[in-house]
Amino acid sequence: MSAAESPSRFTRNLALHDAVLQLQPEHQEDFQRLVKVLTQIHGFRLYFAQVDDIGYRDQVITQLNLVLAQDGKTVQTLDLSTFTRTLPFDEFESIINAQPVGTVMHLLNSEVWLAQHAAQLNIRRNAIATHSQCALLWWLPHSAVARIATEAPDVWSWRHGVFGFAMSRQAIGFDAAMLAPIAQSGPANLNATTLPQKSKRLASLRQLLEQEISDDLRFPLLIEMADLLALTGHANEALRCLHEQVLPLLEKAGAVFERARIIGRIAGILESRGELDEAERLRRCEELPVFEKLGEFRALANARSNLAVNLALRGKAEFYPEIATLLRQAYALTKRHGLPETLTIEQIYQRIFGKSIARRSPGKAKQAL
């Protein structure tokens, strides 16, 4: 791996690592397989993704798109629920055929449309394959997958892959931002696993890391190990892992953005141990300035929120004006860009100041967090 290639490869592997950990454990393997095939294709492909929960489907798609963006893939979405009565099959075919080579096209909400056009899809499959140069990723519930298998059997036999994201148990709530305010101790799916499961995974990671593997593969494994160590009460070992192994890899690669994110992780661990002064220093001096310089608005909003929480934990009235400013700045960024952290920031502001963030004056603050 050349020095010039390292930052982009680190960015891509970090994106994949973070995306995988935001999914249900039983779906992580299929997600990684899906990423692999979509990043390698250039001509026509047809894939089916079975998912029964729309909210979870959108979560998986969001994470998939973030990873595909790191590989420079063009991604489009065609929501067929808009066209259940008006989009003829030939127009559908024209849209598909017009996509640039290598495009990934998400097909959503197509159950009613499929009921009308399954037979045509079966007949026109070869024409689509001949003229289209994109990958169709068809997101369907079990009932619609069964419809294709029975009513369009030639299409079904012609598929290039099927990926399962159906929920086998109650979905676990997850804050989409890895660096979201307060919740910085690790991804929610790691939190959801039992202590024996965490310990077993830690043992597996240690074995993997003893092997001779490249830096870009070692990097996400080290981050996962640090998260697990922090969650199992081994904060010192987690900090050593981040300081002595992860940060040197990033500095060697010149990966400035990823280094700032790891600094945020370190600050989160320190805050969980009550070491607020050092955590504040890291956030002010080594995290925030990087995101400001790079213009990474999402990371910047999260960093400002986390610094505000750090200051709120002190419980000192003199910090409240800065806390209010930081949260308002973060809120404005996330709201402008339609990010899910907006609600989290609003809730934190309400918890500290006892009123909506939309009001201008901080007023008399409640007891801090």
Side-chain angles (χ1 to χ4, degrees), residues 7-8 10-15 17-19 21-22 62-63 65-67 69-70 174-187 223 227 242 246-247 250-251 253-272 276-314 319-353 357-358 360 362 369:
S8 61
F10 271 116
T11 300
R12 193 264 187 189
N13 280 283
L14 180 60
H17 172 73
D18 283 351
L21 291 178
Q22 296 192 40
T62 297
Q63 297 308 317
N65 289 348
L66 289 172
V67 178
Q70 297 296 332
F174 182 72
D175 187 335
M178 298 298 293
L179 301 179
I182 300 179
Q184 268 200 297
S185 58
I223 291 179
D227 286 339
L242 294 173
V246 175
L247 288 181
L250 295 174
E251 287 158 4
V256 177
F257 173 68
E258 288 81 4
R259 183 185 184 280
R261 292 188 67 188
I262 296 305
I263 291 297
R265 268 181 163 88
I266 291 170
I269 295 173
L270 293 174
E271 285 162 349
S272 71
L276 301 179
D277 290 341
E278 176 59 13
E280 179 190 353
R281 186 194 68 78
L282 290 174
R283 294 200 184 282
R284 286 192 190 279
C285 302
E286 297 191 47
E287 185 185 18
L288 266 172
V290 173
F291 298 146
E292 288 171 348
K293 183 177 180 180
L294 295 177
E296 293 284 351
F297 58 83
R298 186 174 195 174
L300 177 59
N302 283 313
R304 285 173 174 166
S305 300
N306 286 320
L307 177 57
V309 170
N310 177 295
L311 296 175
L313 289 168
R314 317 299 180 93
F319 291 137
Y320 291 146
E322 184 180 6
I323 293 168
T325 298
L326 287 166
L327 289 174
R328 287 197 187 108
Q329 289 173 339
Y331 178 81
L333 271 176
T334 58
K335 190 172 180 64
R336 185 184 314 141
H337 295 282
L339 299 177
E341 294 91 331
T342 303
L343 178 60
T344 306
I345 295 167
E346 194 171 16
Q347 290 171 341
I348 290 172
Y349 191 95
Q350 175 72 32
R351 185 175 177 186
I352 296 172
F353 295 105
I357 197 169
R360 292 296 303 165
L369 302 175

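- You'll find the side chain of N306 stays beyond 4.5 Å of the side chain of N310, heavy atoms only.
- One finds the CG atom of L343 at 11.5 Å from the CD atom of Q350 (value rounded to the nearest 0.5 Å).
- Residues L326 and L311 are in side-chain contact: their nearest non-hydrogen atoms beyond the backbone lie under 4.5 Å apart.
- Looking at L247 and R259, their side chains come closer than 4.5 Å, going by heavy atoms from C-beta outward.
- Among residues two or more places apart in sequence or in another chain, the ring pair (Phe, Tyr, Trp, His ring centres under 6.0 Å) test is passed with F257 by F291.
- Within the model, atoms CD of E251 and CD of E258 stand 12.5 Å from one another, a figure rounded to the nearest 0.5 Å.
- Between the side chain of T342 and the backbone N or O of T334, at least one donor-acceptor pair lies under 3.5 Å.
- Across all their heavy atoms, A330 and A301 have their closest contact at CB-O, 3.3 Å.
- L307 places a side-chain heavy atom less than 4.5 Å from the side chain of E280.
- A heavy-atom distance below 4.5 Å is not found between the side chains of D277 and L270.
- Of the residues listed (L327, V309, L333), the one engaging R304 in a side-chain contact (heavy atoms from CB on, under 4.5 Å) is L333, and it is the only one.
- Ring planes of F297 and H337: parallel class, angle under 30° (limits at 30 and 60°).
- Expressed to the nearest 0.5 Å, how far CD1 of I263 lies from CG of L242 amounts to 9.0 Å.
- Here the shortest heavy-atom pairing between I323 and A308 reads CG1-O, 3.8 Å.
- Side chains of E341 and R298 form a contact here, defined as non-hydrogen atoms less than 4.5 Å apart.
- Checking side-chain atoms of R261 against main-chain N and O of A299 turns up no donor-acceptor pair under 3.5 Å.
- Residues Q22 and T62 have side chains not in contact (no heavy-atom distance under 4.5 Å, counting atoms from C-beta outward).
- A salt bridge links E271 with R283: the closest approach of a Lys/Arg side-chain nitrogen to an acidic carboxylate oxygen falls below 4.0 angstrom.
- Of the charged side-chain nitrogens involved, at least one lies within less than 4.0 Å of a carboxylate oxygen, so that R284 and E322 count as a salt-bridged pair.
- Looking at residues two or more places apart in sequence or on another chain, you find no salt bridge (charged side-chain N to carboxylate O under 4.0 Å, His left out) involving R336.
- In this structure, the side chains of V290 and K293 stay at 4.5 Å or more apart for every pair of heavy atoms.
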